[in-house]
Amino acid sequence: MMRRFIRHSLYILIVSLLVPMSVGFANPPIHNSDLTCNVCHNCDNPTKESPCTRMCPTRENMHITSEHLLSEAPDTIMLNYIEKESASVRFDHKSHASMSQMNMSCKTCHHYSPKDRIPPCHECHARESDPINLKKPSLKGAFHRQCLGCHREWSHDTKCVVCHISCDDNLSLDNTDVSDIVGISHPVIHVPTSKIYHTPYEPGPIVTFYHDEHVDLFGFQCVDCHVEENCGYCHDLTHPKNLVKTEEEKHEMCVQCHQINNCGHCHDTKRKPAFSHASTGWPLNQYHDKLDCRACHPTRKKIGRLDRHCNSCHGGWNQQNFRHAITGLILDENHIEWECTDCHPDNQYNKQDCSGCHDDDITPENHIPGKHVVQH
Amino acid sequence: MDKDRRKFLKLSTVATASLIPSVTSASTEHCEDDFDNAFGVLVDTTVCVGCRNCELACNQQNELPEQPEEHFSDKSVFNSMRKPSVEAYTVVNRSIDSQPSELGSFSKIQCMHCNHPACVSACIVGALTKCTHGVVSWDAWKCIGCRYCMIACPFQIPAYEFKEPLKPRVMKCTFCYDRIHDNKKPACVESCPVEALTFGKRRDLIKLAHSRIETSPDKYYDHVYGEKEIGGTSWMYLASKEFINYDLPKLGEEQIPQMTEIIQHGIFKSFLPPLALYGFLGLVMHSIRQNKKKETENDEQS
């Protein structure tokens, strides 16, 4: 009896010791809701022998689209970090940055940037390539990959002297010719004033596109329509420009502003005349004609019909401060005292109504309430 | 007399048998299972800009016929597909499908330093060896100029100095063995401005190649040329399109020397089959002679 008791208590003791031990020693899984396995590993079953780790996404090296102003960066940078091996390079940062605006802006070259600043290339890329991390090119490789990819396409040349200035050259930073990018200037890009497109749309095969109107009149920036049309659009070798567009792609840009179901707006049987504001039913007077479209049509893309009441724009005009002379008519002393709405009922300022005071036979045409002036 | 001959035969068999192990141990000086640790180069043709700096560096490093520097900036060479020659261990070619109007993409061609080189297998005097660092090297002292290596090579790499009648050499990329030995990169790799060539352990390069394909699947054709071709090569390639465009032949995964070596090495394995054959023939002849002797003795007796 005694022996059985001792045996049982011994069992209990062992079990009570083992249970907490097993719980304690078990490796608790790391639960981090943000972190999935494939953030660090690029295979399904990483092992200790082949962990298949990705390039470490450290917080400092995350690909952050930090917005910086071009003015923050220097105009020209002297690249002479590997000076013993090669002649320095005078890098015109300003020109390159402005060229990249049509593409991915700063990100085109500065691929791994921390949040607050854009580090220089040599902060990550060492002079010698890392034998452990073969993925990261050395500083020399990194520079050349950035530059040669475009430059050889541009100049059809890989000559070193295109970028590396010889020791005899004057190394002053302001001695740069902006038009001379790689030893030659880019040919002038012809910007058409208008373009005629012949389409298979039978009721209106001719589409007239006025390029100058869209730029000068409607105030579009180049990048509004020419999206992603950077140097590589014409000069890319790996993905040559695809000139054949589908019907959808052809209409894609226009229908952002023009209605797709109103074919006749663009398609016609003959060349369409240039835009005239009178065709909208609102001929512009000399004051309105001077204005930019966007002064009255403030939305960025869509230009639509506006409220034609004067005070929808000129809300600040009233009886005291309005000079009637700017309409081309100086009111005589009989009429100048009247309220605006006495002659222009319902705020319809392009219509006059004399019937409030006069008989029906008196109209603004035969009895001018003042005198016309030549408008300046 | 009879006893003496038997003794001689016994002795000679023992002598040949004792020689065999030493011969076999000398012939297996390969680094058979260490290919992954061997050095290699990954050529990323999507990065190469066709500057031909590697050709210039190779020319200078290996003291090949001196050429003016302008020779290496001449882009008209890309109009045809070139092969390495006695004057150039490596050449850069433009892909076949490139239009004349565009610059195209480029690839550097040189000895691939195969894991199981057909040239080494074909060489009857062991002048070509595959050994330390994965280098396939050529020994001028052993070479007899049979040029079997040129026929054996699936990439048609080795060139022969036909113009040197007295001391002709088999010319091919040396993998800059001396430089590698001094912990330096091969001259071509060192000279590449865009680092289209990555030098490292073959094992690491395979990983690098696959991670590049995985990171940019749109950029790369999903294959690492040389990883498995003919049993693997030290030089490997990445490209945006099929490798045939770069004059890299479509090859199976089977090692080229495998079939011939099974037959050849089987027949001459440790020189035992020939010995057995001659021994067997000798025995037959011996027994025939014995029989004849007995017959003549019988005849004499009768």
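All values below come from the heavy atoms of this structure, side chains included, with hydrogens, waters and symmetry mates left out. Reminder, nothing fancy here: chain letters follow the sequence lines and each chain counts from 1. This structure is a prediction, so every number in the text was calculated from the model and none was measured.
- For B/R52, no part sits under 4.5 Å from any heavy atom of chain A, backbone or side chain.
- Scanning both residues, B/K185 and A/S129, for their nearest heavy atoms gives NZ-OG, 2.7 Å.
- Residue B/E69 does not touch chain A at all, counting heavy-atom pairs closer than 4.5 Å.
- Looking only at atom types and distance, the side chain of A/K135 has no donor-acceptor partner in the side chain of B/T215 under 3.5 Å away.
- Annotation: the span from B/K201 atom NZ to A/L134 atom CG amounts to 11.0 Å, rounded to 0.5 Å.
- Minimum interatomic distance between B/V47 and A/R145 (heavy atoms only, all atoms of both residues): CG1-NE, 3.6 Å.
- In this structure A/E123 satisfies the side-chain hydrogen bond (donor to acceptor under 3.5 Å, both in side chains) test together with A/R117, sequence neighbours excluded.
- A/H144 places a side-chain N or O within 3.5 Å of a backbone atom of B/P193 that can act as its donor or acceptor partner.
- Heavy atoms of other residues, nucleotides or ligands lying less than 6.0 angstrom from NE2 of A/H122 number more than 12.
- A/S138 and B/E195 are linked by a side-chain donor-acceptor pair at a separation below 3.5 angstrom, with hydrogens and angles left out of the test.
- Interface remark: of the candidates B/G200, B/C51, B/S73, B/C192, B/C51 forms the most heavy-atom pairs closer than 4.5 Å to chain A.
- Looking at residues two or more places apart in sequence or on another chain, you find a side-chain contact (heavy atoms from CB on, under 4.5 Å) between B/E253 and B/K228.
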